[in-house]
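Accompanying notes for the structure given below.
Numbers restart at 1 for each chain; the letters A, B, ... are given by sequence-line order, proteins then strands.
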Amino acid sequence: MQTRRETLKQTAVVAGLLASAGFPQFAHAAFNKAAFDAKSVQDAAKAAGATSMAESKDVTITGPDIAENGAVVPLGASTALPGVKQLLIMVEKNPAALVAMFHVTDAVEANFSTRAKMGQSSDVYAVAIMNDGKALWAKKEVKVTLGGCGG
Amino acid sequence: MADPMRIRAQASGDKATVRVLMSHEMESGQRKDASGKTVPAWYIQEVTAKLNGKDVFSAEWGPAVSKNPFLQFAVKGAKAGDKIAVTWKDNKGDTRTDEATVS
Amino acid sequence: MNKKTQLVLASLAAALVAAGCASAPSVAELNALTDKIVKASFRDQNHVKVERITATDETNRVCSEADVAGKPLDEKTAKRIEEANLKAIKWPSDGKFIGDWKEGEKIAQSGRGLTWTDDVKTVNGGNCYNCHQISKEEISYGTIGPSLYNYGKIRGVTDPASPASKAIVEYTWGKIWNAKAYNACSNMPRAGHMGILNETQVRHIVGLLLDPKSPVNQ
Amino acid sequence: MKKASTLSIATVLALCAAPVMAQKTASQGIDEYRAMLQDGNPADLFEAKGEDLWKKVRGPKNASLEKCDLGKGPGVVKGAFVELPKYFADTQKMQDLESRLVTCMETLQGFNAAEISKTAFGRGEMSNVTALATWIAAESKGLRFNLSQAHAQEKTFYEVGKRLFFQRGGPHDFSCASCHGEEGKRIRLQDLPILTKNPGDGVGFAAWPAYRVSNGQMWSMQLRLNDCYRQQRFPYPGFASDATVALATYLGVNAKGAASVAPAIKR
């Protein structure tokens with residue numbers, strides 16, 4: 001694990017880079033450690049700024065029904081709703097639920113895809129955190145199967 | 001020095017879809033090595049993108065993003081010939097920027 | 001590449017040239033060359049020794065040759081091989097054929113053991129699901145071997161201890177212990193005979209297949 | 001019957017004759033999963049690295065590999081992959097792509113071939129050989145396998161490779177044919193290509209090098225064969241040893257006419 005000194009040093013590097021790159025409008029690009037350390041979907045959303053949570057048909061989570069391998073599971077989150085601040089992709093049963101947090105700006109569509117590791121079959125979530133702090137989510141189940149001979 | 005990314009940016013209509021592959025271990029911090037010691041987490045924490053030098057995209061990632069990560073997003077108003085630059089930075093402070101032209 | 005093989009090849013080529021022979025090497029020459037290439041190409045790795053493939057038994061040798069020729073073994077040889085393997089079957093020392101199907105399921109699921117990356121202390125698995133459907137619950141199964149779902153039920157085994165079931169119980173034990181006793185060149189490993197599984201493990205597998213309470217027979 | 005193919009998902013779906021309903025749903029799900037991964041194959045990363053390595057001045061002799069003869073003349077890359085292994089007059093031996101690359105790295109760049117061959121997969125110069133092989137294979141994408149059997153050694157290696165393919169051994173009595181000798185078989189959910197004949201475009205020999213999602217590694221043909229032997233419970237085949245080249249010759253000749261999709265993406 002990281003030592004405290006390394007963490008401090010790294011924070012300094014990050015701060016330095018941000019300053020030199022002149023990124024002030026992207027202040028939120030600083031890593032939200034609390035959200036990524038949170039175990040549950042709820043706690044991660046809260047750490048990302050959510051004040052309430054509700055299921056919504058206006059948020060979409062995409063992913064396979066079955067993943068042949070948990071090491072690489074293609075997941076996507078999208079919404080057409082206006083006023084979205086962040087889109088989060090989460091895997092409920094991972095040691096820490098939050099996989100990726102996308103910041104929504106006027107310059108990009110609220111539609112992001114990446115690939116996640118999954119330790120086991122689990123519900124996966126797309127969570128849209130709105131400007132007013134409301135979090136709207138959608139989920140689907142992804143089964144992770146055992147592949148080839150090894151296991 | 002990290003290996004280069006592969007960036008493909010394709011314009012269609014009033015947007016460009018950007019697909020990125022990054023070369024990174026994305027070590028989860030959950031794995032143990034042969035001697036039983038936990039392999040420390042090592043992963044990309046921040047990804048940002050610029051369109052013709054202007055910030056358009058930013059994301060934060062945890063260690064659960066797969067090794068050699070894939071990312072897809074769409075930039076509004078981008079057209080063929082525009083430059084898309086993608087930057088990642090990992091939790092060890094290593095960083096890499098690559099650029100592609102929208103086709 | 002190593003010098004030994006190069007020499008072999010060079011001498012083979014030289015021999016062919018010297019004989020003024022433009023025709024292909026004979027089967028015997030090719031077999032000999034293959035043996036030499038195997039010896040020169042493979043090496044020990046951890047607990048896995050080269051003898052595993054250079055000191056194989058007659059069963060493997062004649063079956064490999066038949067496969068290369070693309071013809072099944074002649075009946076007489078097949079019979080001889082089967083009899084030799086049948087004789088080598090070790091029957092349960094305490095007369096008990098049926099073990100715990102729950103343990104059997106775990107062994108059937110496991111594909112671990114005996115590779116050069118496995119620890120030598122690894123408990124070997126049976127690799128069963130790699131090739132067979134067994135229980136209905138496990139959807140990740142192979143198809144190299146036949147489905148074993150309802151194995152006991154189909155064969156009418158309602159009480160494995162009954163005299164009526166004796167023949168099928170014994171056959172099942174024998175097949176797992178040494179598949180080549182019933183089919184000389186079967187693709188199936190000889191789990192007991194080759195020391196992949198021990199007697200207790202074989203007993204659990206037989207339980208998995210024949211115990212009426214096993215999910216296999218539901 | 002089911003035709004083993006990770007590429008033509010639709011074909012698999014249409015032809016998949018699964019024994020029970022639940023099974024069919026599962027294999028459809030797996031096919032959807034595989035389709036989702038096709039766009040964005042991390043093999044691209046290794047391909048880019050390989051191209052760079054080919055052109056870069058490296059090694060004790062400060063040279064690039066651009067004069068390397070992969071069988072179609074110095075510097076000719078396109079089309080070389082689908083004709084290997086073949087006999088090389090300069091080394092007087094049968095060589096596959098990786099073996100040949102190591103030869104070029106020694107003769108042109110001054111690297112020590114024996115040292116590279118001893119290096120574990122994924123490490124040091126060996127990982128460079130894999131990246132180079134990935135790029136060179138990619139340059140022949142869509143071309144059809146067409147190995148030469150003109151030279152006596154090419155014929156001999158095919159025959160030896162055939163014997164190796166059917167060689168039963170180890171505690172499990174496995175040969176290559178145990179898994180790859182019949183059409184339409186699987187290990188667990190993994191389709192097994194039949195390798196005694198052309199298994200079809202982009203299947204078997206025509207799919208490697210491939211990116212393995214299970215471990216995030218780029219696998220060359222040498223590593224593919226190495227890991228088959230590991231799972232066969234065989235001893236360790238030396239890198240680019242005659243046995244591996246002979247086996248590859250057998251597989252490559254059998255694959256005649258199959259279009260290469262390498263580098264593929266695999267479980």
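- Distance NZ/D:Lys266 to CG/A:Asn69: 14.0 Å, rounded to 0.5 Å.
- Within 6.0 Å of NZ on A:Lys134 lie no more than 12 heavy atoms contributed by other residues, nucleotides or ligands.
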*Could you go step by step and tell me if A:Arg115 and D:Leu37 meet the side-chain contact (heavy atoms from CB on, under 4.5 Å) rule?*
CA-CA 9 Å; A:Arg115 293 169 183 169; D:Leu37 292 182; 3.7 Å; yes
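- Residue D:Lys49 qualifies as enclosed at atom NZ: its count of foreign heavy atoms under 6.0 Å is above 12.
- When atom types are taken as modelled, the side chain of D:Tyr33 and the backbone of A:Val73 share no donor-acceptor pair closer than 3.5 angstrom.
- Only the backbone of D:Asp39 comes within less than 4.5 Å of a heavy atom of chain A; no side-chain atom from C-beta onward does.
- By the 6.0 Å contact criterion, NZ on D:Lys141 is enclosed, its count of non-hydrogen atoms from other residues, nucleotides or ligands being greater than 12.
- Shown here for D:Ser214 and A:Ala71, the closest heavy-atom pair between the two residues is O-CB, 3.8 Å.
- Around CG of A:Asp106, the count of heavy atoms belonging to other residues, nucleotides or ligands within 6.0 Å does not exceed 12.
- The distance from the CG atom of D:Leu189 to the CD1 atom of A:Ile66 is 8.0 Å, given to the nearest 0.5 Å.
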